[in-house]
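Okay, so here's the structure we're looking at.
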Amino acid sequence: MNDIRRSILWVIFAFSLILLWDRWQVHNGNKALFFPQPTETAATQSAPPDSLPAANATPDIPTASTALAAVNPAEVPSETQTAAQAAAAENVVVSSDVYKLTFSTEGGSLNRVELLQYENDQQTGKEVLLEDSKNRVYVAQTGLIGGNYPNHKTIMTVADGPRELADGQNSLTIRFESPIQNGVQLVKTWTLERGLYEIKVRHEVINHGTLPVAPQVYEQLVRDGGEISSGVMFAGTFTGPAIYTEQEKFQKVTFKDINNGKLNFQKNSDTGYVAMVQHYFASAWILPEGTPRENFIRQPGPGLYAVGSIAPFGAIEAGGSKTIDSTFFAGPQIEKEMEKIAPGLELVKDYGMVKVLAKPLYWLLDKLHELIGNWGWSIVALVVLLKIAFYWLNAKAYSSMAKMKAINPRVMQLRERYKDNPQQMQQEMMRIYREEKVNPLGGCLPILVQMPFFIALYWVLLSSVEMRQAPWILWIHDLSVPDPYFVLPLMMMLSSLLQVALNPQPPDPLQAKMMWIMPVAFSVMFFFFPAGLVLYWLTNNILSIAQQWVINTRMGVPPQFNLPKFK
């Protein structure tokens, strides 16, 4: 039994060292050896040139059900533009209580999104999500295909109107109108609403010609392949495009897979959204449920990646018009807010492979925060609730450890008596365990029970934007990054060593040494973990020590410290 217990502890220790080494490699810019992450910076390469339809093209007039089948995503214009186009475009800055947006009259595109309620990582200004600059490209574009129609390269005029959401005003509208092109005019209207990270977008197509037309509208997000750092060691959050449909659910596609042509996602659907995901924040185009669309992922230019969808207007008679309404989301990954916007949108928040456990943990933590008002104390309260939930399971384990401590002198005597006969020693030890009804593996149970919750909470703290720059007390100003003075990790290490001291001394000298070395080695990783996670484990250790002390006292085993005796 001791051998089995020692083997389990060795496995946990070895896995911890492998994880530490693997994340250290990623932290230093090397490739992960055992647990590769999907956040590799995409290599810059030239994409196949995309071209607009010919100016004299006269498309057939398909029905709404067949229009999508004829759409070719390659028809969406590329990002190559002339100097004349760039010079003719003007920027239009619009502000609400949560946004500062910069639109371009070139296509009425959204080229910059500044989130006014969030500081950037350096806390030197507001968080910028979308941006079109020399160092970064991340924009939202729309336009028409199916003919020589207005697209995101067309210079549009912007209607007069307010550019800032005034006090007492609940919405703000900005309207772009294209010139008539091949008999077709596109009117694009963006509507911001107070307090919401969603923008209503209406595309109206007016047929000024003498013949019917059947354009399709495309909505896409274009960004470079630069990696978004999570800011935390051992973290591998996803950066890149994603597509959600009711049939296939949430599908992520890495930049590397796009480069290699490995595109595995549902192309045709009438539900869902397309998105660009990064740590803490995301953007998405959301068409109404029931609207047929073709989803696409492509490379519109060197080093650029696009995800989008194409939807048909159907036939528009001469002199007629049609509209398609959609929603554009750009903001923080707050689950309860995203759930209100669209089904499945909350899935952009990346919980890794522990979603089943992490999601209810986040829900409970959020409810505690509503009562307490501080995320640090909410984590402490969460640990208390988990300890109550598993009280009897932990109590049984600690009772087993107390019995082990009581019979430990007898075990040590047996070890000395039969030191030249290991087989006889094991048989006598097993007899004592049976007589005293002791399970030598009982002491491992609390660790095994806690580990899934620890991993799940790790992803909750890593992925939740609410923890970003959230203070606790004194020197802890951000629960999502490591403790700047390493006070919490040191306290956690000391509490772990105290737990070992309260446990019965293993009869095997090597095992005894490992019981002291493992907490130190395991605690080293916590120096690089988010302060909120270390706070969770420290609180758990303190409560475990208190519970173990009470149980030992009740069973008549006086608390004593087994200090290491290394030779």
Side-chain angles (χ1 to χ4, degrees), residues 49-57 59 73-95 100-113 130-134 136-163 172-192 199-209 213 215-223 285 298 300-302 304 306 308 310 313 316 321-324 326 328 330:
D50 298 322
S51 58
L52 287 168
N56 59 355
E75 292 179 358
V76 179
S78 70
E79 297 308 302
T80 305
Q81 67 175 8
T82 65
Q85 282 178 305
E90 298 178 359
N91 288 332
V92 181
V93 179
V94 178
S95 298
K100 182 178 180 182
L101 308 177
T102 301
F103 294 91
S104 174
T105 55
E106 183 183 24
S109 299
L110 182 54
N111 288 352
R112 182 181 173 88
V113 172
L130 272 65
E131 184 179 12
D132 187 11
S133 64
K134 294 180 180 179
R136 188 163 174 251
V137 175
Y138 186 1
V139 296
Q141 302 169 334
T142 67
L144 302 179
I145 59 173
N148 185 20
Y149 302 140
N151 54 58
H152 70 268
K153 293 298 181 183
T154 304
I155 301 300
M156 298 184 174
T157 58
V158 58
D160 294 333
R163 299 290 184 258
L172 177 65
T173 297
I174 181 168
R175 176 185 172 98
F176 293 92
E177 298 179 358
S178 77
I180 299 173
Q181 193 168 324
N182 204 24
V184 170
Q185 182 181 31
L186 173 63
V187 178
K188 188 186 305 185
T189 305
W190 302 74
T191 302
L192 290 70
I199 306 172
K200 303 302 181 184
V201 186
R202 168 165 289 187
H203 293 89
E204 181 182 8
V205 174
I206 305 172
N207 184 2
H208 293 275
V213 294
Q216 298 96 29
V217 62
Y218 63 87
E219 299 175 332
Q220 66 177 4
L221 293 157
V222 179
R223 64 156 293 160
W285 281 109
R298 67 190 189 109
L304 296 178
I310 300 171
F313 280 91
I316 304 175
S321 66
K322 282 189 176 182
T323 62
I324 289 181
S326 58
F328 178 72

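Position 1 is the first residue of the sequence; numbering continues from there.
- How far OG1 of T142 is from CG of L221: 11.0 Å, rounded to the nearest 0.5 Å.
- Here the straight-line distance linking atom NZ of K200 with atom CG of L192 works out to 11.5 Å at 0.5 Å rounding.
- Looking at K188, its side chain does come within 3.5 Å of a backbone N or O of G107 through a donor-acceptor pair.
- Applying side chain to side chain contact (heavy atoms under 4.5 Å, CB included) to L186 and the options I180, V217, L144 leaves one that passes, L144.
- Ring orientation note: the planes of W190 and F328 are nearly perpendicular, at an angle over 60° on the 30°/60° scale.
- The main-chain N or O of V184 is never found under 3.5 Å from a side-chain atom of N182 such that the two would form a donor-acceptor pair.
- Here the CD1 atom belonging to I199 is positioned 11.0 Å from the OG1 atom belonging to T173, to the nearest 0.5 angstrom.
- The two residues K100 and S95 have their closest heavy-atom pair at CG-OG, 3.8 Å.
- For the pair Q185 (side chain) and S178 (backbone), a donor-acceptor distance under 3.5 Å is present.
- Scanning both residues, P150 and P179, for their nearest heavy atoms gives CG-O, 4.0 Å.
- Side-chain contact check for I174 versus L101: every heavy-atom pair is 4.5 Å or farther apart.
- Closest approach of N151 and K153 over heavy atoms only: OD1-N, 2.7 Å.
- Taking CZ from F176 and CE from M156, the interatomic distance works out to 8.5 Å, rounded to the nearest 0.5 Å.
- Between H203 and F313, the gap from one ring centroid to the other reaches at least 6.0 Å.
- Side-chain atoms of R112 and E131, non-hydrogen and from C-beta on, do get closer than 4.5 Å to each other.
- Looking only at distances, no side-chain donor or acceptor of T102 sits under 3.5 Å from a matching main-chain atom of N111.
- The nearest pair of heavy atoms linking V139 to D132 is CG1-CB, 3.8 Å.
- Looking at E204 and R202, no side-chain N of the basic residue comes within less than 4.0 Å of a carboxylate O on the acidic one, giving no salt bridge.
- For R136 (side chain) and K134 (main-chain N/O), no donor-acceptor pair under 3.5 Å exists by modelled atom type.
- Side-chain atoms of V205 and K322, non-hydrogen and from C-beta on, never get closer than 4.5 Å to each other.
- Taking each heavy atom of H152 and S109 in turn, the nearest pair found is CB-OG, 3.8 Å.
- Closest heavy-atom contact between F103 and G108: CD2-O, 4.2 Å.
- The CD1 atom of I310 sits 4.0 Å away from the CD1 atom of I145 when rounded to the nearest 0.5 Å.
- Taking CZ of R175 as the reference point, atom OG1 of T157 lies at 9.0 Å (rounded to 0.5 Å).
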Tell me, with the steps shown, if N148 and Q181 meet side-chain contact (heavy atoms from CB on, under 4.5 Å).
CA-CA 7 Å; N148 185 20; Q181 193 168 324; 3.1 Å; yes
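- Side-chain atoms of E106 and I155, non-hydrogen and from C-beta on, do get closer than 4.5 Å to each other.
- Using a 4.5 Å heavy-atom threshold, the side chains of R223 and V137 count as separate.
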